[in-house]
Amino acid sequence: MRVASWNINGVKARIEALVDWLGRAQPDVACLQEIKSVDEGFPAAPIEALGYNVATVGQKGFNGVAILAKRPFEVTERALPGDPDDAQARYIEAVVPGEDGRAVRIGNLYLPNGNPIGTDKFAYKLAWMARLAAHARGLLALEEPVVLAGDYNVIPEPRDAKRPEAWVGDALFQPESRGAFAALAHLGYTDALRAVTDAAGLYTFWDYQAGAFQKDDGIRIDHLMLSPQAADRLVSVRIDRAVRAGDKPSDHVPIIAELA
DNA sequence: ATGGTTGGTAGCCAA
């Protein structure tokens, strides 16, 4: 089963690129973030025409997540548990059947950016990460294959940035952010990319500004975190870097894992 | 150190 995550930065601005990429990459499951659309505005028709089932948790203008899967699936969460007052559309979870009937639980998350540090936005990010850890811990008790996929807005380590020194004052690289991400690994989740390579220079995001992509001035902030039962089935991981060089690209590119 | 770019919405915000 191929599982992908892609912060698409506006699904309506990207629908052509999305259809093109789905046709080439052929993921069984695609988790999208920053769809920037309400549910009714999501352009489902061209995606369904490719054979995908679609579920969205949208909001007007900002945020928003979607799960696309070739097989019909059951949505199990439409928000991250732990704060009923949190109105931001940043989480959707589903159980997706595999070809052999073995299901994989997919949590699709758009973690708060948190900038600037020292504001309520950074506090919201850390509170959101605490809720994520609590939910992730609960999922482990199910002893199922679980993939927590998404834009984590966390640079885990210096080797995950071309210029780590440029990010020291940024919410994405704060010790608290990195520590909360590392805590997921300590719970028992595996960073899929790091399970297959120790290489530096593997990025999923390049800013639109100042020719960042041309300079390869990127960061790795889109991650696939695997429960032990999912990690046992991990075959390969790749970052679809070429998408960033395409027409009207998102500032993020897809990351795709193959599970046996 | 600053400014650079994009999407969605509305007369700027978030990234």
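- Rounded to whole Å, atom C1' of B/dA15 lies 13 Å from atom CD of A/Gln88.
- Residue pairs meeting the side-chain hydrogen bond (donor to acceptor under 3.5 Å, both in side chains) criterion with at least one partner in residues 167-186 of chain A, sequence neighbours excluded, are A/Asn115-A/Asp170.
- If you take atom P in B/dT5 and the same atom in B/dT9, they sit 22 Å apart, rounded to whole Å.
- In this structure, A/Phe181 has its ring center under 6.0 Å from that of A/Tyr152.
- For B/dG4 and B/dA15, the C1' atoms lie 13 Å apart once the distance is rounded to whole Å.
- When the nearest nucleotides of DNA chain B are assigned to A/Glu34 and A/Lys248 by heavy-atom distance, the more 5′-ward of the two goes with A/Lys248.
- The list of salt bridge (Lys or Arg N to Asp or Glu O under 4.0 Å) pairs with a residue in residues 183-198 of chain A, not counting sequence neighbours, reads A/Arg159-A/Asp198, A/Asp160-A/Arg194, A/Asp191-A/Arg220.
- At a threshold of 4.0 angstrom between heavy atoms, the contacts of A/Phe205 with the nucleic acid are absent.
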Would A/Arg14 and A/Asp20 count as a salt bridge (Lys or Arg N to Asp or Glu O under 4.0 Å) if you check the C-alpha gap in whole Å, the side-chain angles of each, and the deciding distance to 0.1 Å?
-> CA-CA 10 Å; A/Arg14 216 72 63 208; A/Asp20 182 57; over 6 Å; no
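- Between the C1' atoms of B/dG7 and B/dG11, the separation comes to 16 Å (whole Å).
- In this structure, CD1 of A/Ile117 is placed 18 Å from C1' of B/dA14, rounded to the nearest angstrom.
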Polar atom pairs between nucleotides 3-5 of chain B and protein, under 3.5 Å, N or O only, would you list them?
unit_1 : atom_1 : unit_2   : atom_2 : d
B/dG4  : N9     : A/Gln209 : OE1    : 2.9
B/dG4  : N7     : A/Gln209 : OE1    : 3.4
B/dG4  : N3     : A/Gln209 : OE1    : 2.9

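- Between A/Asn9 and A/Asp251, the residue anchored closer to the 5' end of DNA chain B is A/Asn9, taking for each the nucleotide with the nearest heavy atom.
- Going from atom NZ of A/Lys12 over to atom C1' of B/dG7 covers 10 Å, rounded to whole Å.
- Ionic pairing of A/Arg163 and A/Asp217 is present here: one or more N-O contacts between side-chain nitrogen and carboxylate oxygen are shorter than 4.0 angstrom.
- Separating the CH2 atom of A/Trp206 from the P atom of B/dT6 is a distance of 16 Å, rounded to the nearest angstrom.
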Report the C-alpha distance between A/Ser227 and A/Glu144 in whole Å, list the side-chain angles of each, state the deciding distance to 0.1 Å, and finish with yes or no for side-chain hydrogen bond (donor to acceptor under 3.5 Å, both in side chains).
-> CA-CA 7 Å; A/Ser227 74; A/Glu144 290 176 351; over 6 Å; no
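- Rounded to the nearest Å, the gap between the C1' atom of B/dA1 and that of B/dT6 is 23 Å.
- Between the side chains of A/Asn9 and A/Lys36, a donor-acceptor pair is found at a separation under 3.5 Å.
- The same atom, P, is picked in B/dA10 and in B/dA14; the two are 13 Å apart, to the nearest Å.
- Within 4.0 Å of A/Arg244, counting heavy atoms only, lies no atom of the nucleic acid at all.
- A/Ile15 has its CD1 atom 12 Å from the P atom of B/dG8, to the nearest Å.
- A/Arg238 and A/Ala25 get closest at one heavy-atom pair: NH2-CB, 4.2 Å.
- Rounded to whole Å, atom C1' of B/dG7 lies 9 Å from atom CZ of A/Phe62.
- For the OP1/OP2 pair of B/dA14 and a distance below 4.0 Å, the side-chain nitrogens and oxygens of A/Lys121 include at least one atom meeting the criterion.
- For the pair A/Lys36 NZ and B/dT9 P, the interatomic distance rounds to 9 Å; values are reported in whole Å.
- The interatomic distance linking A/Arg14 (CZ) with B/dG7 (C1') rounds to 8 Å, in whole Å.
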